[in-house]
Amino acid sequence: MSLISLKDVSVGYDDRQKVLDHVNLDILPNDFIGVIGPNGGGKTTLVKTILKALPYSGEVQYSPVIGSDGYRAIGYLPQVSDIDKSFPISVCEVVLSGLQARKRLFGRYSAADKAKALQLLDLCGIESIARRPIGELSGGQLQRTLLCRALISDPKVLILDEPANFVDNKFEKELYAILRQLNDRMAIIMVSHDLGTITSHVKSIVCVNRHVHRHNSNVITPEQLHNYDCPIQIVSHGTVPHTVLEEHAD
Ligand SMILES: Nc1ncnc2c1ncn2[C@@H]1O[C@H](COP(=O)(O)OP(=O)(O)OP(=O)(O)O)[C@@H](O)[C@H]1O
């Protein structure tokens, strides 16, 4: 059964062309989806629509497991550039804020909540900076902090928007190992421009370029790439095999 179901969903920011056009997509338990597409193709818009954070037409249905507002059941790691680092709050407080409804920032936390936050910070290798204000963090430290915040409510769906931006190669490897473990108990949706890397970690691929196509495999064939309206560049890392595809016209 789907955890989240998008039915005939369209989104536009103004009267110009739709950014997402008649999208149908199901998110299933234990999915590990890589969301790829050209710059401006609508990947972040798709994620925000799944979170019901944007006006849309059509239906975004949450299963009873997710609840009516998705609060707690959907963990979200936004792009680091979306975060206001001038806000006077510590790393630990940011992580704990993942237990609050999105509209509230501060609340009372139990000793167990705080222990959980420290455990997650330890998992991500940043327990030593738990008290540091977020204004003093590097991009990679902030990224890890936001990952802990997304995980503290034990979500059923974890959504990551470009999680490997800013993190170093070492933590990127650790991150994928952590995600593999988490995938045993939660669906994961990961936006990335780095097609070569994500195809070796995800189970399925969703291509977004105004339209959305889901491929239930982590291998993309040249035929499937016809769904894009632009040339594709594939970047290879280390031992990840890469394929160079011809430019296609449509
Ligand atoms: N708040 C907004 N107001 C108006 N237009 C927007 C807004 N957010 C996004 N857009 C436009 O919607 C389109 C899709 O943007 P979106 O950020 O979803 O794409 P993306 O695939 O995530 O891009 P990128 O790979 O560059 O992060 C772009 O043309 C963008 O300019």
Side-chain angles (χ1 to χ4, degrees), residues 3-4 27 29-32 47 50-53 62-80 82-85 87-168 170-191 201:
L3 294 172
I4 301 174
I27 311 300
N30 302 116
D31 259 345
F32 193 159
V47 159
I50 289 171
L51 290 163
K52 299 192 185 182
Y62 290 167
S63 77
V65 175
I66 299 294
S68 58
D69 60 5
Y71 155 61
R72 279 178 175 248
I74 305 178
Y76 175 45
L77 172 70
Q79 288 198 19
V80 160
D82 289 346
I83 300 300
D84 179 5
K85 280 175 65 176
F87 205 74
I89 181 170
S90 73
V91 165
C92 196
E93 286 167 330
V94 170
V95 176
L96 286 163
S97 72
L99 293 169
Q100 296 296 318
R102 289 199 183 89
K103 293 188 187 91
R104 288 174 55 205
L105 254 185
F106 298 105
R108 288 183 176 278
Y109 303 109
S110 67
D113 293 339
K114 289 176 188 162
K116 178 90 180 287
L118 290 177
Q119 192 190 346
L120 286 167
L121 290 171
D122 185 40
L123 177 76
C124 290
I126 51 168
E127 196 187 1
S128 62
I129 58 164
R131 292 177 183 278
R132 198 175 291 178
I134 58 164
E136 294 176 10
L137 302 186
S138 70
Q141 289 169 330
L142 182 58
Q143 194 91 307
R144 295 175 198 216
T145 303
L146 296 175
L147 177 62
C148 296
R149 183 182 68 168
L151 289 173
I152 195 163
S153 62
D154 287 325
K156 297 282 179 251
V157 179
L158 175 65
I159 302 180
L160 310 119
D161 200 345
E162 300 281 6
N165 278 358
F166 300 106
V167 299
D168 55 32
K170 181 172 170 288
F171 185 66
E172 189 177 344
K173 283 203 183 103
E174 285 169 25
L175 171 69
Y176 289 125
I178 292 169
L179 293 180
R180 261 196 303 281
Q181 279 181 30
L182 292 171
N183 191 215
D184 290 340
R185 55 178 199 272
M186 65 185 74
I188 300 177
I189 303 170
M190 180 168 70
V191 175
H201 297 289

Could you tell me whether the side chain of Pro29 reaches within less than 4.5 Å of the side chain of Lys156, counting heavy atoms only? no
Spacing of Leu120 atom CG and Thr145 atom OG1 [to the nearest 0.5 Å]: 11.0 Å
Would His201 and Leu179 satisfy side chain to side chain contact (heavy atoms under 4.5 Å, CB included), going step by step from the backbone distance to the final call? CA-CA 9 Å; His201 297 289; Leu179 293 180; over 6 Å; no
Evaluation steps, side chain to side chain contact (heavy atoms under 4.5 Å, CB included), between Phe87 and Val94: CA-CA 10 Å; Phe87 205 74; Val94 170; over 6 Å; no
In short, Cys124 meets Cys148 closest at the heavy-atom pair SG-SG, 3.7 Å
First locate atom CG of Asp113, then atom CG of Leu118, and finally report the distance between them rounded to the nearest 0.5 Å. 11.0 Å
Residue of the set Leu146, Leu182, Leu77, Val95 for which side-chain contact (heavy atoms from CB on, under 4.5 Å) holds with Leu151: Leu182
Residue pair Ile50 / Tyr62: nearest heavy atoms and the distance that separates them: O-OH, 2.5 Å
Smallest separation among heavy atoms of Pro155 and Ile74, with atom names: CB-C, 4.0 Å
Would you say the side chain of Leu147 lies within less than 4.5 Å of the side chain of Leu175, judging by non-hydrogen atoms? yes
What's the spacing between Ile27 CD1 and Ile66 CD1 if we round to 0.5 Å? 10.0 Å
Can you tell me how far the CD1 atom of Ile89 sits from the CD1 atom of Ile134, to the nearest 0.5 Å? 6.5 Å
Give, for atom CG of Asp184 and atom CZ of Phe32, the distance between the pair rounded to the nearest 0.5 Å. 11.0 Å
Identify the heavy atoms of Cys92 and Leu121 that sit nearest to each other, and give their distance. CA-CD1, 4.5 Å
Shortest non-hydrogen separation from Ala187 to Leu3 and the atoms involved: CB-CD1, 4.1 Å
Any donor-acceptor pair under 3.5 Å linking the side chain of Gln143 with the backbone of Glu162? yes
How far does CG of Leu160 sit from CD1 of Ile188, to the nearest 0.5 angstrom? 6.5 Å
Closest non-hydrogen atom pair, Lys52 against Ser68: NZ-O, 3.9 Å
Side chain to side chain contact (heavy atoms under 4.5 Å, CB included), that's the test. Do Glu93 and Tyr109 meet it? Break it down for me. CA-CA 10 Å; Glu93 286 167 330; Tyr109 303 109; 6.0 Å; no
Determine yes or no for a side-chain-to-main-chain donor-acceptor pair under 3.5 angstrom, with Asn183 supplying the side chain and Asp31 the backbone. yes
Give every residue pair that meets the side chain to side chain donor-acceptor pair (under 3.5 Å) criterion with at least one member in residues 114-132, sequence neighbours excluded. Lys116-Asp154
Would you confirm whether Gln141, through its side chain, and Ser138, through its main-chain N or O, come within 3.5 Å as a donor-acceptor pair? yes
